[in-house]
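Computed from heavy atoms alone, side chains included, the values below leave out hydrogens, waters and symmetry copies. In listed order, ligands and their atoms are each counted from 1.
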Amino acid sequence: MDNASHILTPPAEPRIFGFYLDGDWIASGDRQVFERASPAHGVPVTRIPKCTEDDLNAAVASARVAFEDRRWSGLSGTEHAAVLLNAAALIRERSEEIAYFETLENGKPIAQSRGEVDGAASICEYAAGAARSLHGDTFNNLGDKMLGLVTREPIGVVGLITPWNFPFFILAERVPFILASGCTIVAKPSEVTSATTLMMAEILTEAGLPDGVFNVVTGSGSEIGQALIEHDDIDMVSFTGSTAVGRRLLQAATGNFKRLGLELGGKNPQIVFADADLEDAADGVAFGICFNTGQCCVSGSRLLVERSVASQFETLLTERLSRVKIGDPLDPQTQVGAITTPAQNETIVRHLEGGPKEGARIVCGGGVLITERGQFIQPTVFADVTPDMALAREEIFGPVLTMQSFDTDEEAVAMANDTEYGLAASIWTKNIDRAVATMRRVQAGRVWVNTTITGGPEMPIGGFKQSGWGRETGIYGVEEYTQVKSVHIELGKRTHWIS
Ligand code: TXE
């Protein structure tokens with residue numbers, strides 16, 4: 001069948017999942033279940049168990065035993081790599097199934113899901129190399145009687161909490177690296193998008209991952225997520241989600257001083273200078289706010305444009321946005337799908353309604369297209385936005401762009417940095433001096449010049465300021481899950497202290 005033109009349909013019945021413990025499925029049994037309806041089609045697509053605290057304890061115990069007996073951490077980088085390469089191949093084999101359920105649960109366009117699944121396989125392949133490259137350091141300059149070694153060791157059991165915006169891709173930006181470090185994992189996906197994390201568990205077992213190294217508990221954030229972050233037998237939590245829950249994590253971590261990796265919200269600037277290729281910039285800005293329906297932590301949601309080209313740019317941008325294809329995410333031609341959750345929809349609508357009350361002007365879009373089956377929001381641009389407005393400060397997490405103008409490079413940088421967040425920034429200019437100077441001063445973990453929302457597993461991701469702690473992917477993403485041990489080895493006869 002031709003993927004580019006064939007339109008899939010939702011399943012007649014929801015697919016039933018268990019959770020994943022010690023290398024096997026556990027059926028929901030008499031536990032409560034969560035039924036997920038497709039946000040674009042309104043029909044139930046998956047059913048997952050609401051795990052209990054006992055289930056979580058069993059998963060943590062399984063990951064703990066698997067870590068302590070060294071069934072995984074004791075293997076070589078070559079053996080870790082073999083499993084990750086097998087996993088990559090299996091992800092590719094099952095790519096259609098994974099992409100289908102990703103779209104059904106999340107509402108994102110199927111073409112995008114396919115790209116993300118392919119990207120996830122590629123990340124596993126990269127991480128296989130990283131597993132073989134992980135190393136420490138030596139100090140051979142301590143004199144003939146001493147050798148110093150710095151070894152890297154896996155930190156232990158990692159709790160992994162992931163959100164609903166990129167259920168499989170965000171998982172793939174973390175799991176292969178955590179595994180490459182030798183750690184074991186208890187994953188807790190978002191309750192609305194658990195299917196593909198559960199598929200990953202099955203794939204890893206088939207790829208040769210020893211039982212107990214990757215466990216998945218499903219259920220709500222406030223119950224299972226909270227119990228996980230408070231768990232004293234978890235050594236580190238990697239969390240991707242809202243800044244509000246990130247803050248709770250800081251408190252919960254005090255119990256056993258667990259290490260934290262946090263990727264939180266963003267309010268990312270798109271800085272367009274007058275000397276940019278404005279056609280390219282307009283296309284990039286449109287993509288940056290529409291991709292994943294604007295539900296990306298790195299969405300370019302604040303357009304800062306040099307005043308001399310502001311009106312020309314507004315025309316170029318709105319013309320492009322009017323041609324974006326919104327609709328059924330199972331249609332391979334669709335570019336913008338459904339908003340993932342009713343709560344997210346409410347947040348976006350609150351801003352669409354609040355913007356004009358604050359004095360902002362809708363330049364294009366603003367429409368909420370609620371069909372009987374799903375919720376869709378037109379890409380929207382607000383002009384006459386001032387820095388104090390909620391529109392300009394809060395993460396909206398939808399296809400809603402604010403537009404502000406600047407006159408000087410200094411002003412552009414000051415406006416870009418006028419946010420509590422620091423996740424990403426994009427700079428559009430053909431002047432290399434200006435691009436580099438701006439890149440150096442902008443406070444963001446990821447900067448794109450003449451492009452946006454792109455990258456690969458080689459480079460680290462993470463945030464400045466209140467956008468988070470730590471880095472994922474790249475060799476940094478493996479080291480993140482290790483701790484460093486200093487070893488002094490004395491050689492020859494000891495010079496005695498007691499003569
Ligand atoms: O996030 P939550 P929500 C932002 C975005 C969005 C807002 C709210 O602005 O509008 O957050 O989204 C789990 N202890 N981002 O409410 O609640 C939850 O089950 C432990 C940005 O969905 O942070 C899910 O698995 N875990 C973001 C995960 O946390 C808890 C992606 C994220 O959900 C928990 C998503 C608790 N007390 C939203 N409460 C990004 N950085 O990309 C919830 N969870």
Side-chain angles (χ1 to χ4, degrees), residues 34 36 39 48 50-51 53 56 105-108 116 159-171 173-174 186-198 216-231 234 237-253 255 258 260-268 291-299 301 339-351 377 390-391 393-400 419-424 445-446 453 461-470 472:
F34 179 85
R36 173 65 175 157
I48 57 151
K50 286 189 182 172
C51 288
E53 214 165 315
L56 172 71
E105 288 195 328
N106 171 279
K108 67 177 71 197
E116 287 170 13
L160 178 61
I161 300 180
T162 48
W164 43 260
N165 55 341
F166 291 92
F168 198 67
F169 197 75
I170 285 180
L171 189 77
E173 284 177 331
R174 283 145 184 82
V186 177
K188 208 294 292 171
S190 163
E191 50 274 45
V192 295
T193 55
S194 300
T196 55
T197 302
L198 291 161
V216 184
V217 286
T218 49
S220 82
S222 55
E223 289 166 35
I224 291 302
Q226 185 69 31
L228 187 151
I229 63 180
E230 287 173 2
H231 207 295
I234 286 188
V237 170
S238 167
F239 171 80
T240 309
S242 61
T243 297
V245 175
R247 205 163 267 124
R248 295 180 79 116
L249 239 146
L250 298 187
Q251 285 148 12
K258 53 176 70 69
L260 300 179
L262 306 171
E263 189 175 332
L264 309 172
K267 190 74 182 170
N268 311 294
F291 179 63
N292 212 46
T293 329
Q295 299 177 122
C296 309
C297 52
V298 294
S299 291
S301 52
I339 302 300
T340 305
T341 66
Q344 194 53 46
N345 205 54
E346 272 172 35
T347 305
I348 302 168
V349 169
R350 176 163 56 78
H351 283 286
I377 290 185
L391 265 188
R393 307 212 74 80
E394 293 176 18
E395 184 179 50
I396 300 173
F397 227 55
V400 181
T419 166
E420 67 202 29
Y421 296 114
L423 206 52
R446 272 198 271 183
I453 315 189
I461 58 175
F464 282 27
K465 303 199 294 194
Q466 291 185 36
S467 287
W469 285 355
E472 308 284 353

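Contact analysis puts Phe239 in contact with ligand 1, with a non-hydrogen atom separation below 4.0 angstrom. Residue contact annotation: Thr347 has no non-hydrogen atom under 4.0 Å from ligand 1.
Looking only at heavy atoms of the protein, atom 20 (C) of ligand 1 is closest to Gly225 C, 3.1 Å. Nearest non-hydrogen protein atom to atom 24 (C) of ligand 1 is Thr162 O, 3.5 Å. Closest to atom 9 (O) of ligand 1 among all protein heavy atoms lies Glu395 OE1, 2.5 Å. Ranking the protein heavy atoms by distance from atom 41 (N) of ligand 1 puts Leu264 O, 2.9 Å first. In terms of protein heavy-atom proximity, atom 37 (N) of ligand 1 is nearest to Gln226 OE1, 2.8 Å. Here the heavy atom of the protein found nearest to atom 23 (O) of ligand 1 is Ser242 OG, 2.7 Å.
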### Evaluation steps, side chain to side chain donor-acceptor pair (under 3.5 Å), between Gln295 and Thr340
CA-CA 9 Å; Gln295 299 177 122; Thr340 305; 3.0 Å; yes
### Message
Between Thr240 and Ile161, does the side chain to side chain contact (heavy atoms under 4.5 Å, CB included) criterion hold? Intermediate values first, please.
### Response
CA-CA 6 Å; Thr240 309; Ile161 300 180; over 6 Å; no
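A ring-centre distance under 6.0 Å is not found for Trp164 and Phe169.
Of all heavy-atom pairs between Arg446 and Val298, the closest is NH2-CG1, 3.5 Å.
Among Pro163, Gly221, Cys297, Ser190, the residue whose heavy atom sits closest to atom 43 (C) of ligand 1 is Gly221.
Within 6.0 Å of CZ in Arg248 there are 12 or fewer heavy atoms belonging to other residues, nucleotides or ligands.
Atoms OG1 and CD1, from Thr347 and Ile339 in turn, are 10.0 Å apart once rounded to the nearest 0.5 Å.
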